[in-house]
Asks: 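Okay, here's the structure, questions in a sec.
All residue numbers refer to positions in the sequence shown, counting from 1. Counting starts at 1 for both ligands and their atoms, following the listed order.
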Amino acid sequence: MPAVPGLLDPCLFRQLAYLDGKWVYGEGAQRDLAVTNPATLEVLGHVPMLSASQVDAAIAAADRAFATWCELGIERRTELLERWHRLILEHREDLARLITLEQGKPLNDARGEIDYAASFVKWFAEEGRRAYGETIPSHIPGASLGTVKEPVGVAALITPWNFPLAMITRKAAAALAAGCTVVVKPANETPFIALALAELAERAELPSGTFNVVTGDAPMVAGRLCSDPRVMALSFTGSTRVGRLLLAQCADSVKRVSLELGGNAPFIVCADIDPDLAAEAAIAAKFQTSGQDCLAANRIFVHRSIYEPFIERFVERMLKLKLGNGFDQVELGPLIHRRAVEQAEALVEDAVARGARLYGSDQTRAPGPNFFVPALLADVTPAMRVFREESFNPVAAVCAYDDEETLLRDANDTEYGLAAYVYGRDLACVRRLVRGLRFGMVSVNSVKMTGPPVPFGGVKQSGLGREGGRAGLEEYLATKYVCISDPPGTCQSAANRDSTGDL
Ligand SMILES: NC(=O)c1ccc[n+]([C@@H]2O[C@H](COP(=O)([O-])OP(=O)(O)OC[C@H]3O[C@@H](n4cnc5c(N)ncnc54)[C@H](O)[C@@H]3O)[C@@H](O)[C@H]2O)c1
Ligand SMILES: N[C@@H](CC=O)C(=O)O
């Protein structure tokens, strides 16, 4: 097995898919998929292009394993998930290295992602114990009524490249804790971290078939997963474009569908906030993962009274951001593809042609073809592409606002509805803004908003359902209503007649 340089445990670098507890090659005639380091453009290795029948075999394995996994019971499942969690943290350095190699983000951010990813496994291992049903006061004489929560069955999990580990564990930990088995299809740009996670699942002794990782042609693999009636739930994180396609493909088999899609977050800076502090916060909210974050502060609305000082401070701070290979001491890594750089250039060009002021963006400083030197566009208007599209790059867009009514109209003027930020001191104003923003998540005076206990997700075309928190477990549970009466001919006891409905 060729080693990725620098891994303490080279066996974490797997170049095979993982089905039914076995490491497999592709069986078709198609060549393996090459995986490239976006910072250096070096090929890191290959993963198999599985055939359709191999994807079907993974589904069949997950379907068989479902009964075993359920029968293990919650105590044993919790124990195995906690073991998996410990292994992830024990291998934190190697996993972070793999992320930096295939995704490009700075090593420190990659370490942060490992902790974030592991925290979902720990949290759901515990939360699985609380998949409670409820009792229902009975309206049927002599009957006891209630609900039990049951795992839905096999769940297909399709994930993106920007948070290639956390986006898997936020789904998989919830599904496994609920008692479901999973088939994971990672992004083709970042399969190695998913396969390392499978290696650790194997070491944690998750039963064969419980956690499967399939690689290959994305439309084919997703097509098999979406059309197979044995797959009961699909959870997808990725672009709104692909989310729409998959939602349609799941219609025939009427699956449970959770979609975590694109965002175009407004970041609102009220008049009563120190513009320097607000600029610091906006820098953090915009440039995380080089702007390739569904929560990135894409459209920054600043009250006109502090607009110019805010821009000055933002630009000063932005110009100091270090850009380079994630293994060096940098704050920004590369973008995932060359075409992402071209998209950033096109957004800047369009905005400048329509009257925006441009700061930064000296692309002669770019350390390689996949790098984009951060830019700030001021005086952005809703007519510009950068206002309407999810930019997913280090191009920040700033607009001045005068009053709350136009602010809310413009902030909500997007097909997306994932997250929004508000920085302000006047609580009455902040509360009006929180109420008026049509987004699934609103963070006030804090850049950090995510984590295992919270219901993460969007409204409008940012998705369906929630991940994380109790709501995240529910996505993988079906409610079974049970009505229990005595057998015919049995005398009803006084206790039964007075029943409050306890089962
Ligand atoms: N809401 C969230 O929680 C969240 C989190 C992370 C990323 N995202 C979104 O993800 C997007 C970036 O990720 P991406 O570029 O990997 O998204 P993407 O939609 O291109 O890909 C996501 C997954 O779908 C697969 N895929 C791609 N094309 C497909 C097709 N035609 N049919 C079936 N499957 C296909 C990919 O291989 C990958 O596994 C952004 O829009 C971002 O906002 C959302
Ligand atoms: N930062 C997000 C991922 C979006 O791209 C998260 O915390 O889930």
Asks: Might you confirm whether atom CZ of Arg111 has over 12 heavy atoms from other residues, nucleotides or ligands at distances under 6.0 Å?
Replies: yes
Asks: Does the pair Ser361 and Gln363 meet the rule for a side-chain hydrogen bond (donor to acceptor under 3.5 Å, both in side chains), with working shown?
Replies: CA-CA 6 Å; Ser361 201; Gln363 302 309 325; 3.0 Å; yes
Asks: Is it true that Arg354 and Asp350 have a side-chain N and a carboxylate O under 4.0 angstrom from each other?
Replies: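 Asp350 and Arg354: salt-bridged.
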Asks: Is the count of non-hydrogen atoms from other residues, nucleotides or ligands lying under 6.0 Å from Glu349 atom CD greater than 12?
Replies: no
Asks: Anything with a heavy atom under 4.0 Å from ligand 1 counts, so go ahead and list those protein residues by chain and number.
Replies: Ile158, Thr159, Pro160, Trp161, Asn162, Met167, Arg170, Lys185, Pro186, Ala187, Ala218, Pro219, Ala222, Phe236, Thr237, Gly238, Ser239, Val242, Leu245, Leu246, Glu260, Leu261, Gly262, Gly263, Cys294, Glu390, Phe392, Leu418, Phe456
Asks: Is there a donor-acceptor contact under 3.5 Å from the side chain of Glu390 to the main chain of Asn298?
Replies: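 Here the side-chain-to-backbone pair does not exist.
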Asks: Would the distance check show the side chain of Arg466 and the main-chain N or O of Gly458 forming a donor-acceptor pair, the cut-off being under 3.5 Å?
Replies: yes
Asks: Run the salt-bridge test on Arg339 and Glu342 with the 4.0 Å N-O cut-off and return the result as yes or no.
Replies: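 No.
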Asks: Taking atom types as modelled and ignoring hydrogens, do the side chains of Thr240 and Lys460 form a donor-acceptor contact shorter than 3.5 angstrom?
Replies: no
Asks: Give me the pairs of N or O atoms, one from ligand 2 and one from the protein, that sit under 3.5 Å apart.
Replies:
from	atom 1	to	atom 2	distance (Å)
ligand 2	1 (N)	Asp293	OD1	3.0
ligand 2	1 (N)	Asp293	OD2	3.3
ligand 2	5 (O)	Asn162	ND2	2.8
ligand 2	5 (O)	Asp293	OD1	3.3
ligand 2	5 (O)	Cys294	N	2.8
ligand 2	7 (O)	Tyr116	OH	2.6
ligand 2	8 (O)	Tyr116	OH	3.3
ligand 2	8 (O)	Arg170	NH1	2.8
ligand 2	8 (O)	Arg170	NH2	3.1

Asks: If you round to the nearest 0.5 Å, how far is CZ of Phe124 from CZ of Arg170?
Replies: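 Those atoms lie 9.0 Å apart.
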